[in-house]
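First up is the structure itself, then whatever we jot down about it.
Keep in mind that this is a model prediction, so the values were computed, not measured.
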Amino acid sequence: LQWASPPEAIEQFKSQEIWFAPPQFYELCRLCNFSSLRELHKFSSDRALEGCERWLPVTLTASDGYMQLLPGDELYPEDPDYTGEKKRIMSTDKKVEDLMKEGSVFHRIVIKNRNSFAVYVNIEAKYKHMNPLMINSDCSDYNSRL
């Protein structure tokens, strides 16, 4: 077991030393907004009574990858299959790049392969929450505060 700050963990993910599922990658990107544990604690204490939202990521399969769509994204279904009973499968023949060019309201994780994730968010977070930094695991073009 090894301790790593969120940016260090993301770098280890990029170098394929460790792996995270998309929700954990998203949360690490969100934690990159804080420069210290004290700052994170203050933020969480200040917004504790604001409420929370339960999310169901919905997978959209593209011709060259996947997207985990989250509430607020323009492609997120109006009636997601919370139980899995409807066995809905969202797919398109379009490429991920084309879907990104065509879109304008994002709350998604783009997955090209097992070690290539990118977080895109341009909606306002609910309940005074913090959006994740938009990080692409294929490059180091982010400015973490940790």
Side-chain angles (χ1 to χ4, degrees), residues 1-62 64-84 88-92 95-146:
L1 188 62
Q2 178 183 339
W3 171 258
S5 68
E8 290 168 339
I10 290 169
E11 287 302 321
Q12 290 174 353
F13 175 82
K14 288 178 182 184
S15 65
Q16 299 183 17
E17 296 171 50
I18 57 177
W19 183 80
F20 298 109
Q24 285 70 36
F25 185 81
Y26 180 97
E27 291 302 328
L28 284 168
C29 293
R30 192 171 0 202
L31 288 171
C32 284
N33 284 293
F34 303 98
S35 59
S36 68
L37 185 56
R38 181 178 321 224
E39 188 180 328
L40 174 60
H41 184 263
K42 180 178 179 351
F43 169 79
S44 62
S45 296
D46 290 348
R47 70 151 303 280
L49 299 176
E50 295 296 326
C52 61
E53 178 181 32
R54 181 175 48 193
W55 290 353
L56 172 70
V58 174
T59 302
L60 170 63
T61 304
D64 62 343
Y66 305 90
M67 289 184 185
Q68 290 271 302
L69 305 173
L70 299 165
D73 190 283
E74 65 190 13
L75 297 177
Y76 194 80
E78 286 186 33
D79 182 26
D81 184 9
Y82 291 112
T83 63
R88 285 190 202 146
I89 297 173
M90 291 183 62
S91 64
T92 181
K95 292 185 175 187
V96 168
E97 181 180 353
D98 295 332
L99 291 168
M100 294 302 294
K101 286 179 183 176
E102 293 171 4
S104 63
V105 180
F106 300 139
H107 191 198
R108 59 182 69 164
I109 304 168
V110 173
I111 305 163
K112 290 185 182 175
N113 61 52
R114 181 174 164 80
N115 288 93
S116 177
F117 297 170
V119 176
Y120 296 94
V121 182
N122 64 5
I123 63 167
E124 186 174 333
K126 290 184 178 180
Y127 305 107
K128 297 185 182 176
H129 222 303
M130 182 76 63
N131 276 335
L133 290 183
M134 291 193 286
I135 296 177
N136 184 335
S137 67
D138 288 341
C139 58
S140 296
D141 62 350
Y142 65 96
N143 296 314
S144 169
R145 295 182 54 207
L146 286 177

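Pro132 pairs by the side-chain contact (heavy atoms from CB on, under 4.5 Å) definition with Tyr26, Cys29, Arg30, Val119, Val121, not counting sequence neighbours. In this structure Asp79 satisfies the side-chain hydrogen bond (donor to acceptor under 3.5 Å, both in side chains) test together with Lys86, Arg88, sequence neighbours excluded. The side-chain hydrogen bond (donor to acceptor under 3.5 Å, both in side chains) search around Trp55 returns Glu53, not counting sequence neighbours. Contacts of Glu97 classified as salt bridge (charged side-chain N to carboxylate O under 4.0 Å, His left out), with partners at least two apart in sequence or in another chain: Lys101. Partners of His129 by ring-ring contact (aromatic ring centres under 6.0 Å, His included), not counting sequence neighbours, listed by chain and number: Phe43. Residues passing the side-chain contact (heavy atoms from CB on, under 4.5 Å) test with Thr92, sequence neighbours excluded: Leu60, Ala62, Lys94, Leu99. With sequence neighbours left out, Ser116 forms a side-chain contact (heavy atoms from CB on, under 4.5 Å) with Lys112, Asn113, Ser137, Asp138. Under the side-chain hydrogen bond (donor to acceptor under 3.5 Å, both in side chains) criterion, Glu124 pairs with no residue, sequence neighbours left out. Looking at residues two or more places apart in sequence or on another chain, you find a side-chain contact (heavy atoms from CB on, under 4.5 Å) between Ala21 and Trp19, Pro23, Gln24. For Ser45, there are no side-chain hydrogen bond (donor to acceptor under 3.5 Å, both in side chains) partners two or more places apart in sequence or in a different chain.
The line from CG of Asn136 to CD1 of Ile10 is 11.0 Å long, rounded to the nearest 0.5 Å.
For Val105 against Ile123, the heavy-atom pair with the smallest separation is CG1-CG2, 3.5 Å. Considering every non-hydrogen atom in both Ile18 and Ala9, the closest pair reads CD1-O, 3.6 Å. In plain terms, the two heavy atoms of Gly103 and Glu74 that are nearest each other are CA-OE2, 2.7 Å. Looking at every heavy atom in both residues, Asn122 comes nearest to Ser104 through ND2-O, 2.8 Å. Pairing each heavy atom of Gly72 with each of His107, the nearest pair is C-CB, 4.4 Å. The heavy-atom pair separating Glu8 from Ala4 by the smallest distance is OE1-CA, 3.4 Å.
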Q. Do Phe20 and Phe117 pass the ring pair (Phe, Tyr, Trp, His ring centres under 6.0 Å) test, and can you show the C-alpha distance, the side-chain angles, and the key distance before you say yes or no?
A. CA-CA 10 Å; Phe20 298 109; Phe117 297 170; 9.0 Å; no
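Taking 4.5 Å as the limit, every side-chain heavy atom of Tyr66 sits out of range of all side-chain heavy atoms of Ile109. Counting heavy atoms from C-beta outward, Leu75 and Phe106 have side chains that stay 4.5 Å or more apart. Proximity of Met100 to Arg108: side-chain heavy atoms (C-beta onward) are separated by under 4.5 Å at one or more points. Looking at Leu70 and Asp73, their side chains never come closer than 4.5 Å, going by heavy atoms from C-beta outward.
At distances below 3.5 Å, at least one donor-acceptor pair connects side-chain atoms of Asp64 with backbone N or O atoms of Val96.
Remark: the Ser36 side chain and the Glu39 side chain contain no N/O donor-acceptor pair separated by less than 3.5 Å.
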